[in-house]
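Following: one structure in structure tokens, then a few remarks.
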Amino acid sequence: MPSSRLCQLFGFWMLTSTLAANPPAGAPRLVGFAYDLDSAELLYTEHHDFRFENGQLVGDSVLYRRPDGEIFAHKTLDFRPDLFVPGFHTRIPELGYEEGLRHEDGKLLLFRRKNGTARMQSKILETQGDSAADAGFHPYVQQNIARLLGGERLDFRFIAAGNLGAVTFKAQRIEDREFEGQPAVQFKVRVGSFIGLFVDPLYLVYDPDTRQLLEYRGLTNMRDAQGDAIAARIIYPTTAAAVEF
């Protein structure tokens, strides 16, 4: 895993985001469990509370909890402007960190604050086709999963509010595996420029029948006490939707 210093050097600090899996069969809640990639220690849990209008997903409120249950971060998402590029706002109060995206006048306003004493920075991007941002990355993959299953490579623009910019991602199917004893498919996602040589790829595991995200491995948009990006393995057990919180 590349150091956070190297990621920051090449401008891809906090490039990727924790994914919000779409609720199975319209379930209003889902819990993800984030584990350290090396020690398998539970780092935090993410608790999604989805909102629907006329059967369509329109929003998600996410609480991030430490293993003892303490809330250390939260995020709100609005999928109404664009399912793949939702508006969102992530806050980690104890670090003073914020990042987000808003749709304004047909353009995208990205913003971030690195810590409590830093000023808020922002940048406007033009909207483009084949783009995804934050948790919209997951429905984008779902929408194109048939192409991935058929061996096609997806090239798309990923908009990273934490980087106030966008980069090309390349996704493709790799070897299949199992999840909870059931067949699953696995996709590898990497940065499509030379910087991809310095940043580890992401790995996504999906149920090929339901198209539900089961596991994510890679950098997240959560930070540790030193302000470094957290790399994690996040699993969405098939029983997690029933967990109360």
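- The backbone N or O of Ala118 sits less than 3.5 Å from a side-chain atom of Asn115, completing a donor-acceptor pair.
- Side-chain contact check for Tyr206 and His138: at least one donor-acceptor pair (N or O, by modelled atom type) lies under 3.5 Å.
- Leu95 and Ile230 fall within the same hydrophobic cluster, defined by Ile, Leu, Val, Met, Phe, Trp and Tyr side-chain heavy atoms under 4.5 Å apart, directly or through other members.
- With sequence neighbours left out, His74 forms a ring pair (Phe, Tyr, Trp, His ring centres under 6.0 Å) with no residue at all.
- For the residue pair Pro237 and Val31, the shortest heavy atom distance occurs at CD-O, 4.1 Å.
- In this structure, the side chains of Met222 and Phe72 come closer than 4.5 Å at one or more pairs of heavy atoms.
- Between the side chain of Arg153 and the main chain of Ala171, no donor-acceptor pair closer than 3.5 Å is present.
- Ion pairing between a basic and an acidic side chain is recognised when a charged N comes within 4.0 Å of a carboxylate O; Glu215 and Arg177 show such pairing.
- Judged as a ring pair (Phe, Tyr, Trp, His ring centres under 6.0 Å), and not counting sequence neighbours, Tyr35 has no contacts.
- One finds the CG atom of Leu125 at 8.5 Å from the CG atom of Leu164 (value rounded to the nearest 0.5 Å).
- Considering CZ of Arg113 and CE of Met120, their distance stands at 4.0 Å, rounded to 0.5 Å.
- Judged by distance alone, the side chain of His103 and the main-chain N or O of Val85 form a donor-acceptor pair under 3.5 Å.
- Residues that satisfy the salt bridge (charged side-chain N to carboxylate O under 4.0 Å, His left out) test with Asp78, not counting sequence neighbours, are Arg80.
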Evaluation steps, side-chain contact (heavy atoms from CB on, under 4.5 Å), between Asn221 and Thr90: CA-CA 9 Å; Asn221 63 351; Thr90 300; 4.0 Å; yes
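- In this structure, Gln143 and Ile145 have side chains that are not in contact, with every pair of non-hydrogen atoms separated by 4.5 Å or more.
- What you find for Pro183 and Pro208 is that their closest heavy atoms are O-CD, 3.7 Å.
- At a threshold of 4.5 Å between non-hydrogen side-chain atoms, the residues Val58 and Phe50 do not count as touching.
- Contacts classified as salt bridge (Lys or Arg N to Asp or Glu O under 4.0 Å) and involving residues 119-130 (residues at least two apart or in different chains) are given here: Lys107-Glu126.
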Ring pair (Phe, Tyr, Trp, His ring centres under 6.0 Å) evaluation trace for Tyr140 with Phe156: CA-CA 10 Å; Tyr140 178 83; Phe156 61 98; 4.7 Å; yes
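- Judged by distance alone, the side chains of Gln186 and Arg217 do bring a donor and an acceptor atom under 3.5 Å apart.
- Residues passing the side chain to side chain donor-acceptor pair (under 3.5 Å) test with Glu70 are Arg66, sequence neighbours excluded.
- Heavy atoms from other residues, nucleotides or ligands lying under 6.0 Å from CG of Asp68 number more than 12.
- In this structure a side-chain-to-backbone donor-acceptor pair under 3.5 Å is missing from Thr76 to Ser61.
- Linking ILVMFWY residues whenever their side-chain heavy atoms come closer than 4.5 Å, directly or via other members, places Leu77 and Phe52 in the same cluster.
- With a 4.5 Å cut-off on side-chain heavy atoms, Leu110 and Ile159 count as touching.
- Side-chain N or O atoms of Asn54 include none that pairs as donor or acceptor with a backbone N or O of Gln56 at under 3.5 Å.
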Residue pair Val185, Leu149: steps toward the side-chain contact (heavy atoms from CB on, under 4.5 Å) verdict: CA-CA 8 Å; Val185 293; Leu149 292 176; 3.8 Å; yes
Side chain to side chain donor-acceptor pair (under 3.5 Å) assessment of Tyr44 paired with Glu46: CA-CA 7 Å; Tyr44 61 86; Glu46 53 181 61; 4.7 Å; no
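- Listed here is the closest heavy atom pair of Asp176 and Ala184: CB-O, 3.5 Å.
- Taking Gln182 as the reference, nothing meets the side chain to side chain donor-acceptor pair (under 3.5 Å) condition, with sequence neighbours excluded.
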Pair Lys75-Arg91, side-chain contact (heavy atoms from CB on, under 4.5 Å): steps then yes or no: CA-CA 6 Å; Lys75 176 167 63 174; Arg91 302 176 180 89; over 6 Å; no
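- A distance of 11.0 Å separates CD1 of Ile235 from CG of Leu213, quoted to the nearest 0.5 Å.
- In this structure, the side chains of Leu109 and Ser122 come closer than 4.5 Å at one or more pairs of heavy atoms.
- Between Phe137 and the options Phe158, Phe88, Phe187, Phe84, a ring pair (Phe, Tyr, Trp, His ring centres under 6.0 Å) holds for only Phe158.
- Summarising the geometry of Gln142 relative to Thr210, their closest heavy-atom pair is NE2-O, 4.5 Å, with the distance given to 0.1 Å.
- A donor-acceptor pair is defined here as one N or O able to donate and one able to accept, closer than 3.5 Å; such a pair exists between the side chain of Asp60 and the backbone of Asp49.
- For the atom pair Ser131 OG and Leu108 CG, the distance stands at 8.0 Å (nearest 0.5 Å).
- Nearest heavy atom pair, residue Pro86 against residue Ala133, reads CD-O, 3.4 Å.
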side-chain contact (heavy atoms from CB on, under 4.5 Å) between Leu154 and Leu148, intermediate numbers included: CA-CA 7 Å; Leu154 288 182; Leu148 288 167; 3.8 Å; yes
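- A donor-acceptor pair shorter than 3.5 Å can be found between the side chains of Gln121 and Arg112.
- The distance from the CD atom of Gln172 to the CD atom of Glu152 is 11.5 Å, given to the nearest 0.5 Å.
- Note on Val167: it clusters hydrophobically with Leu202, by side-chain heavy-atom contacts below 4.5 Å among ILVMFWY residues.
- Side-chain N or O atoms of Ser39 include none that pairs as donor or acceptor with a backbone N or O of Asp36 at under 3.5 Å.
- Ring planes of His89 and Phe111: perpendicular class, angle over 60° (limits at 30 and 60°).
- Heavy-atom minimum distance, Gly106 versus Thr127: O-CG2, 3.3 Å.
- Phe179 and Leu42 fall within the same hydrophobic cluster, defined by Ile, Leu, Val, Met, Phe, Trp and Tyr side-chain heavy atoms under 4.5 Å apart, directly or through other members.
- Using a 4.5 Å heavy-atom cutoff, the side chains of Phe169 and Asp155 are not in contact.
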